[in-house]
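Here is the structure we will look at, set down as structure tokens.
In what follows, chains are A, B, ... by sequence order, proteins preceding strands, each numbered from 1.
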There are 2 protein chains.
Amino acid sequence: MEDFAAASGISRPTVSKYFNDPESVRPSTRQKIEEALERFAYRPNIYAMNQNRRATKNIGIVVPYLADPFFAEIVRVIERRCIDAGFSPSLFSSHGEQQREIDILDNLRSIKPAGVLLAPLGRRSDKAAIEDFCRAVPTVLFDSSIEGMGEAFVGSDNYSFVSQTVEYLSRTGEPPCFFEMQHPANPNANKRRDAYLSMMQRLQLEPHVLRIAGEGWAFEEIGRQGGLKLIAEDAFPTNTVLCSNDRLAIGFLAACYEKGVRVGRTKGCDLRVASHDGHPFSQFTCPALTTSAHDYAMVSEHVVETLFRLIESGGRFEKREETLFPARLIMRDSA
Amino acid sequence: MEDFAAASGISRPTVSKYFNDPESVRPSTRQKIEEALERFAYRPNIYAMNQNRRATKNIGIVVPYLADPFFAEIVRVIERRCIDAGFSPSLFSSHGEQQREIDILDNLRSIKPAGVLLAPLGRRSDKAAIEDFCRAVPTVLFDSSIEGMGEAFVGSDNYSFVSQTVEYLSRTGEPPCFFEMQHPANPNANKRRDAYLSMMQRLQLEPHVLRIAGEGWAFEEIGRQGGLKLIAEDAFPTNTVLCSNDRLAIGFLAACYEKGVRVGRTKGCDLRVASHDGHPFSQFTCPALTTSAHDYAMVSEHVVETLFRLIESGGRFEKREETLFPARLIMRDSA
DNA sequence: CCTTAAAATTTACGCGCGTAAAAAAATAAT
DNA sequence: ATTATTTTTTTACGCGCGTAAATTTTAAGG
């Protein structure tokens with residue numbers, strides 16, 4: 001910057017000021033800098049910039065598993081909004097591992113982020129580490145909430161997801177049984193099962209939960225294996241299966257197809273299958289998946305809006321905010 | 001670090017040395033530091049660390065589109081290997097936009113990465129900007145190559161992909177027609193079409209290329225729309241369709257299912273469909289997709305191996321390396 | 001016990017920038 | 001032209017750490 005300032009005939013502090021806000025210098029000065037900029041292609045070092053700043057423009061985004069299209073999609077939208085607002089988002093995936101999540105949060109501290117958007121692992125998170133982090137850095141949680149942590153939580157209302165699918169399915173055919181993993185990685189899974197149970201009770205229907213083995217993040221394969229097993233055992237109490245999430249459902253549908261189980265809501269079909277999430281691929285399954293979808297746009301919009309508001313408020317809210325968005329039922333051919 | 005060093009009764013430079021390599025200090029010293037570490041939970045600032053280092057441990061990973069499960073998966077593996085090797089990977093997605101790619105490369109310079117793994121946008125990349133970057137930072141390209149740029153390229157051999165599928169399909173049934181987007185974002189698409197044409201010529205078969213409209217990264221939807229159109233027009237010269245990539249195929253299969261076109265290689269089927277990439281979801285389509293798959297493990301292994309070797313060689317190879325891995329044909333039910 | 005080599009410490013400087021305070025220069029208002 | 005105001009420059013320091021050189025301490029070997 002020293003050299004560049006000399007080359008443009010302006011003092012370094014003024015150049016520094018220019019990079020913080022080009023409008024804060026006199027037009028003639030600005031012009032001189034921008035001319036030099038074209039000749040020398042100098043760029044300030046963003047990490048050195050942030051080293052000594054009161055408020056950086058860094059935003060950390062942390063998700064549990066980036067190879068999941070659900071997170072990939074929501075991150076894509078969030079990242080774009082941050083960039084448009086003049087922030088520099090940094091993206092991290094915990095890869096489903098506790099230690100990795102801890103390391104990421106540790107590293108995030110050193111880039112002094114203005115704020116962090118964190119989708120925690122959930123059950124596997126080190127609660128103490130996250131609590132510690134949230135105290136030090138303005139943080140908005142999303143996707144899955146951890147009781148009392150972060151200044152705000154933005155997510156989808158699991159009850160809304162399940163109530164819509166259960167209501168719809170039981171109104172238009174046999175009541176659904178609930179298909180889920182035995183050890184779900186994500187707390188949302190538990191909320192969905194509970195919602196299913198309470199919803200069935202309200203409708204005075206008998207609940208059936210089909211729990212399949214499997215751990216980790218290979219949900220499709222777990223759903224497929226579970227589906228094959230259930231089909232082999234003919235273990236369906238009703239002809240309607242409600243999957244905890246779309247990735248399980250994708251695997252389950254594959255199993256049905258393999259075994260010749262016809263899925264759909266038309267005559268001649270053996271099974272209706274529905275699910276939750278509005279996964280980007282759910283419209284390309286065979287048949288297209290009836291699902292209760294996240295409002296991606298609203299959630300991501302509100303996540304960043306909340307974070308920006310948090311940053312402007314100096315990093316603290318008086319009271320922890322919790323915003324849940326209702327799901328939207330997308331009726332397709334599978335149920 | 002000053003305070004922490006004082007608290008642990010060790011000098012700051014020695015503490016600094018410890019963090020660079022815990023084994024480089026005397027065991028008794030190491031123990032003292034680690035005891036203090038537990039009491040104070042101090043972490044060095046990684047960006048300040050890298051500020052003044054000869055060689056940082058940063059690695060930049062840049063992909064064109066992270067919401068594509070193909071990239072998400074390969075990045076997942078690459079990231080893990082980098083971490084295991086003691087590096088700090090930073091992940092960036094160009095979102096399919098030229099300006100974003102340029103900005104990312106600009107920012108990457110300031111973290112002084114030891115090396116960068118870059119999957120360029122391809123056709124949309126600003127060649128000059130990338131060339132400039134590669135001259136300044138040790139870079140290994142992957143996925144799609146740009147003539148002469150970077151110290152090395154690691155990818156899959158598109159000819160190998162297509163020759164295997166074409167050979168297999170024409171040996172076991174009617175010769176394939178080739179299904180692709182009119183304006184592919186990725187240069188691999190062009191290579192695949194060329195490979196198809198040359199392969200058909202070699203086999204003395206008449207080639208047919210079905211080109212569908214569409215631009216951008218929503219390949220599934222493009223494939224679906226294209227499929228619906230082709231089905232409506234009954235525009236298939238043969239009963240065998242070879243898609244340029246799996247995401248197109250996923251959309252195409254959805255269209256077939258919607259329209260009651262039976263896909264598979266058994267009697268009673270209308271169409272055989274095969275494709276290329278070995279997309280993580282290709283085994284969950286209905287029917288499961290026959291595809292010529294990237295050797296993900298080999299490619300990602302070799303990408304990082306090449307980069308590590310490049311870093312050890314001081315950032316330059318005598319001669320640009322180019323490694324192409326052959327594809328592996330995965331025969332499933334769709335063809 | 002002394003010698004030697006290894007490890008640790010002290011001292012000092014630099015990375016690339018932000019920022020505050022005071023002085024100087026340029027512009028605007030009278 | 002003079003004064004008031006804004007902008008820029010100068011000067012100086014700090015961020016959190018790496019690193020080199022010289023010095024001192026420690027452990028190992030005879």
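- Taking 4.0 angstrom as the limit, B:Ser16 places none of its side-chain polar atoms (N or O) nearer than this to OP1 or OP2 of D:dC17.
- The residue among B:Pro27 and A:Val15 whose nearest nucleotide of DNA chain C lies closer to the 5′ end is B:Pro27.
- Atoms CZ (A:Phe19) and P (C:dC17) sit 8 Å apart, rounded to a whole Å.
- For the pair B:Asn107 CG and C:dC17 P, the interatomic distance rounds to 13 Å; values are reported in whole Å.
- Side-chain N/O atoms of A:Thr29 include one lying less than 4.0 angstrom from OP1 or OP2 on D:dT8.
- Contact check on A:Glu35 versus A:Lys32 returns no salt bridge, with no Lys/Arg side-chain nitrogen under 4.0 Å from an Asp/Glu carboxylate oxygen.
- In terms of heavy atoms, B:Leu66 sits closest to B:Ser93 at N-OG, 3.3 Å.
- Between B:Pro44 and B:Phe4 there is no side-chain heavy-atom pair separated by less than 4.5 Å.
- Ring centroids of B:Tyr296 and B:Phe70 are separated by less than 6.0 Å, placing the two rings close together.
- Aromatic ring orientation, A:Trp217 versus A:Tyr65: parallel (interplanar angle below 30°, classes split at 30° and 60°).
- A 6.0 Å sphere centred on CD of B:Gln98 holds more than 12 heavy atoms belonging to other residues, nucleotides or ligands.
- Using a 4.5 Å heavy-atom cutoff, the side chains of B:Ile146 and B:Phe153 are not in contact.
- Under 4.0 Å is where a charged nitrogen must lie from a carboxylate oxygen, and between A:Arg135 and A:Asp132 at least one such pair does.
- What separates CD1 of A:Ile10 from P of C:dA25 is a distance of 15 Å, to the nearest Å.
- Dense packing is recorded around CZ of A:Arg30, with more than 12 heavy atoms of other residues, nucleotides or ligands lying under 6.0 Å away.
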Completion exercise
Protein-proximity profile, nucleotides 11-16 of chain D, B/S/- by nucleotide at the 4.0 Å heavy-atom cutoff, equals BB-BBB
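- Using a 4.0 Å cut-off, no side-chain N or O of A:Ser11 falls inside it from OP1 or OP2 of D:dT10.
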What N/O pairs connect the protein and nucleotides 25-27 of chain D at under 3.5 Å? Give each pair on its own line.
unit_1: D:dT26; atom_1: O3'; unit_2: B:Arg26; atom_2: NH1; d: 3.4

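- The distance between atom NZ of B:Lys17 and atom P of D:dA20, rounded to the nearest whole Å, is 12 Å.
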